[in-house]
Amino acid sequence: MDILLYESGDGGEMSLQGGDIQTTSAIFNYVYLSLFGGNVEASTPDVDPPRGVERQDYWANVYSQSEPENLFNSEYERIISNIVINTGTLQLISEAAKADLSWMEELSLAVIEEVTTYLEAVGRTKTIIKLREPSNNEASAFAVIWDATKSEAIVEAVI
């Protein structure tokens, strides 16, 4: 069981009900943390920076540096936060999401069936992620709406 997370538009929040933290066994948390759980400043480098140079990647990646598949780098969040969003960059956004989610396939937690990004409005994208858990023949879908003008994410789970 994991703590149930949701996107409030101002970062992830724990879900509370009656003063208690809600839990979940749904795969949604994995998708959310994969896309928004790393460090957006920099990806973990292949080699350590020289002594005295501050690392800009996620601090806990230092423990998994020898296992690149276990690194949290938030390629998706970094790219949607730092590029001009237009029809020419939609494929880059989808590829970043696939990269952040790839660990789920490597650990056989889910099969990523499709990741597609659409331009909803000026500066606003919608990334649809369809995946299937090995224990479930039905696919789950998640929609991540990014509003670049507000630097705000809205994440919806459609099961």
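The first residue of the sequence shown is numbered 1, and numbering continues consecutively from there.
The CG atom of L119 sits 8.0 Å away from atom OG1 of T125, with the distance rounded to the nearest 0.5 Å. To the nearest 0.5 Å, atom CD1 of residue I80 and atom CG of residue D147 are 10.5 Å apart. Here the OG atom belonging to S140 is positioned 11.5 Å from the NZ atom belonging to K130, to the nearest 0.5 angstrom. We find the OG-CD1 distance between S74 and I79 to be 12.5 Å, quoted to the nearest 0.5 Å. Note that CG of L101 is 7.5 Å distant from CG of L131, once rounded to the nearest 0.5 Å. Here the straight-line distance linking atom CD of E113 with atom CZ of R132 works out to 5.0 Å at 0.5 Å rounding.
Within the 4.5 Å cutoff, side-chain heavy atoms of I83 are placed close to those of I93. Within the 4.5 Å cutoff, no side-chain heavy atoms of V84 are placed close to those of T89. The shortest side-chain heavy-atom distance between V111 and E105 falls under the 4.5 Å cut-off. Side chains of W146 and T117 form no contact here, defined as non-hydrogen atoms less than 4.5 Å apart.
Summarising the geometry of Y76 relative to A97, their closest heavy-atom pair is CD1-CB, 3.6 Å, with the distance given to 0.1 Å. Residues L35 and E77 come closest through the heavy atom pair O-CB, 3.5 Å. Shown here for Y30 and M104, the closest heavy-atom pair between the two residues is CB-CE, 3.9 Å.
With sequence neighbours left out, Q91 forms a side-chain hydrogen bond (donor to acceptor under 3.5 Å, both in side chains) with E95.
Annotation: K98, atom NZ; neighbour count of heavy atoms from other residues, nucleotides and ligands within 6.0 Å is above 12.
Clustering of Ile, Leu, Val, Met, Phe, Trp and Tyr by side-chain heavy atoms under 4.5 Å joins Y118 with I128.
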